[in-house]
Amino acid sequence: MTIEQIYTGCLAQGAYYIESEGEVAIIDPLREVKDYIARAKDNNATIKYIFETHFHADFVSGHLTLSKETGAPIIYGPTAAPSFEATIAEDGQEFKLGKVTIKVLHTPGHTMESTTYLLIDENGKDHAIFSGDTLFLGDVGRPDLAQKAASMTMEELAGLSFDSLRNKIMPLADDVVVYPGHGAGSACGKNMMKETVDTLGNQKQMNYALRADMTKEEFVKELTDGLLPPPLYFPLNVKLNKEGYAHIDEVIKQGAKALSPEAFEAAANETEALVLDVRHQSEFIKGHIPRSIFIGLKGGFAPWVGALIADVEQPLLLVVDEGSEEEAITRLSRVGFDNTLGFLKGGVEAWKAAGKETDTLESISADTFKERLEANTIPVFDVRKEGEFIAGHIENANFTPLGNINNHLAEFPENEPFYVHCAGGYRSVIAASILKSRGIHNIIDVAGGMGAIKKVGIPVSDFVCPSTLK
């Protein structure tokens with residue numbers, strides 16, 4: 001028996017490859033499926049099943065493409081109602097895979113169809129659970145996403161999660177291995193650990209949601225307290241996962257069209273496409289197409305695209321480093337953004353050579369920032385997350401988190417300079433690009449963010465652990 005966790009850091013998502021006696025099951029595959037097929041082929045194995053733990057909100061699964069390529073059936077747990085052909089398993093139903101067995105444990109709560117898959121080894125011993133978004137390491141799946149039952153409240157779904165955990169998962173032995181659907185960084189939970197594999201016994205000891213003496217009322221309160229609004233693209237991804245989507249090869253073929261500066265500009269004007277610059281922030285700072293939005297590939301690319309652009313049908317035109325266009329298109333497709341129309345051939349240098357206008361972003365070092373702070377009182381805007389801001393920030397800094405920066409536009413000065421910073425310099429440039437696209441141009445980026453700010457001795461507020469504020 002072989003179990004392989006295929007973890008994608010950008011999405012904080014775990015897909016799983018399970019093989020026994022030449023038969024393979026894939027759990028929650030990513031949109032691009034060639035690697036799964038290649039793995040099986042290299043092992044002279046056959047993909048027999050494709051298991052989905054639920055209708056995902058934060059990424060587009062590869063279940064349909066993988067089924068089309070291999071003929072393997074797609075399997076969901078009870079109550080799932082996809083628009084395509086699939087096996088809707090019963091609670092407790094078992095599927096043979098070589099010498100091992102995969103058992104369906106219906107665990108509603110995160111969604112009504114949420115299902116955990118229990119792997120039983122060839123000796124009949126419970127070996128591992130693939131818990132999807134039902135159980136994370138350190139947390140459980142949020143009960144407030146768009147795919148919830150329309151007639152149920154968030155609190156009612158949280159109550160179902162409580163029952164699922166206690167009736168289906170907690171009775172399992174402590175040595176059962178937990179393979180979750182997500183880890184730290186995912187918006188599907190609040191307090192996930194950075195680790196991606198653990199034992200159930202350890203989770204029973206340290207996961208707040210598995211406390212043995214916890215009442216349902218306490219569970220519901222803790223699970224629903226402090227939930228930030230889900231990203232706007234989540235319901236659109238659910239729709240794609242439930243109803244279907246284009247083959248990834250078609251998406252790449254459309255998006256990988258090399259456009260001259262003239263054709264690129266014409267496409268932007270004719271389609272109202274958003275120009276998305278995915279180079280490193282340092283390159284964007286030095287020169288970019290006016291009104292383009294920066295979200296660099298070398299960061300939390302796909303989730304930030306989903307959170308800030310939101311509309312998966314928005315036409316996109318890419319500014320990329322040479323050779324990175326297919327990576328960008330693929331990562332966009334993982335979160336449902338399939339409408340890439342092409343990329344700028346020759347990049348910004350070709351744009352400049354064609355005599356077209358470019359823009360820059362003023363960016364200063366932390367040392368220069370310190371000198372200026374001591375000399376004047378220009379406003380400072382901190383675009384980190386709330387927990388980061390609470391844990392320590394520059395005195396009198398304005399809190400304007402990137403995730404909902406559009407709700408803070410009125411707070412930024414229109415005619416006076418101001419500073420913007422994040423933790424390391426990635427999010428502040430995203431924020432600056434959005435502000436510039438809205439006509440606010442008097443922005444000064446602080447390179448290196450809070451990490452550099454602390455190193456040069458700029459005073460920050462005392463550390464407060466966000467968990468103590470609940």
Taking only distance into account, with no hydrogens and no angle test, what donor-acceptor pairs under 3.5 Å do side-chain atoms of residues 81-89 form with protein atoms, sequence neighbours excluded?
none

Check: I18 and T2 side chains under 4.5 Å, non-hydrogen atoms:
no

What is the ring orientation for H63 with Y76, classed by angle as parallel under 30°, tilted 30 to 60°, or perpendicular over 60°?
perpendicular

Assess the side chains of T134 and T107: does a donor N or O sit below 3.5 Å from an acceptor N or O?
yes

Pairing of D163 and K216 as salt bridge, 4.0 angstrom limit
yes

Kindly check if the number of other-residue, nucleotide or ligand heavy atoms within 6.0 Å of NZ (K239) is above 12?
no

Looking only at the side chains, is there a donor atom on one of E155 and T224 sitting less than 3.5 Å from an acceptor on the other?
no

Is it the case that the side chains of D198 and N202 hold a donor-acceptor pair, with the cut-off being a distance below 3.5 Å and no angle test?
yes

Polar side-chain atom of S186 near backbone of G183 as donor-acceptor pair, under 3.5 Å
no

In terms of side-chain heavy atoms, does H408 have a donor or acceptor partner in E411 at a distance below 3.5 Å?
yes

Which residues pass the ring-ring contact (aromatic ring centres under 6.0 Å, His included) test with Y16, sequence neighbours left out?
F130, Y179

d(S292 OG, I434 CD1) to nearest 0.5 Å is 11.5 Å

Can you tell me how far the OG1 atom of T340 sits from the CG atom of L316, to the nearest 0.5 Å?
5.0 Å

Taking the side chain as everything from C-beta on, heavy atoms only, tell me whether M154 gets closer than 4.5 Å to L227.
yes

Heavy-atom count around K385 NZ within 6.0 Å, excluding the residue itself: above 12?
no

What is the ring orientation for Y49 with F51, classed by angle as parallel under 30°, tilted 30 to 60°, or perpendicular over 60°?
tilted

Quick one: does P108's side chain get under 4.5 Å of S114's, heavy atoms only?
no

Where the side chain of T8 meets the backbone of L11, is there a donor-acceptor pair that is under 3.5 Å apart?
no

Counting only heavy atoms from other residues, nucleotides and ligands, does the tally under 6.0 Å from NZ of K125 exceed 12?
yes

Taking NZ, NE, NH1 and NH2 as the nitrogens, is one of them in K168 or D91 under 4.0 Å from a carboxylate oxygen of the other?
yes

D28 and Q13: side-chain donor and acceptor closer than 3.5 Å?
no

Give a yes or no on whether a salt bridge exists between K221 and E217, defined as a side-chain N under 4.0 angstrom from a carboxylate O.
no

Quiz question: by atom type and distance under 3.5 Å, do the side chains of T196 and Q5 form a donor-acceptor pair?
yes

Contact check, side chains of L172 and I129, non-hydrogen atoms, under 4.5 Å:
yes

Test item: Q203 side-chain N/O and G138 main-chain N/O as donor-acceptor pair under 3.5 Å:
yes

Is the shortest heavy-atom distance from the side chain of I458 to the side chain of M450 under 4.5 Å?
no

Does any part of the side chain of V312, heavy atoms only, come nearer than 4.5 Å to the side chain of D338, both counted from C-beta?
no

I'd like to know if the side chain of H421 pairs up with that of D445 as donor and acceptor (distance under 3.5 Å, no hydrogens or angles considered).
no

What are the two closest non-hydrogen atoms of A72 and I50, and how far apart are they?
O-CD1, 3.7 Å

H106 and Q93: side chain donor to acceptor below 3.5 Å:
no

Among I3, N43, L97, the one residue meeting side-chain contact (heavy atoms from CB on, under 4.5 Å) with E19:
N43

Contact between P303 and C10 at the side-chain level, heavy atoms closer than 4.5 Å - yes or no?
yes

Count the heavy atoms of every other residue, nucleotide or ligand shown that sit under 6.0 Å from CD of Q205, and state whether that count exceeds 12.
no

Please confirm whether the backbone N or O of T46 pairs with a side-chain atom of E23, one donor and one acceptor, at under 3.5 Å?
no

Carboxylate-amine/guanidinium proximity below 4.0 Å for E222 and R211:
yes

Return yes if a side-chain donor-acceptor contact under 3.5 Å exists between Y233 and D311, otherwise no.
no

Rounded to the nearest 0.5 angstrom, the CD-OG distance for Q254 and S333 is 11.5 Å

With side chains defined as the heavy atoms from C-beta onward, is the minimum distance between M112 and L160 less than 4.5 Å?
yes

Side-chain donor-acceptor pair under 3.5 Å between T115 and T53, yes or no?
no

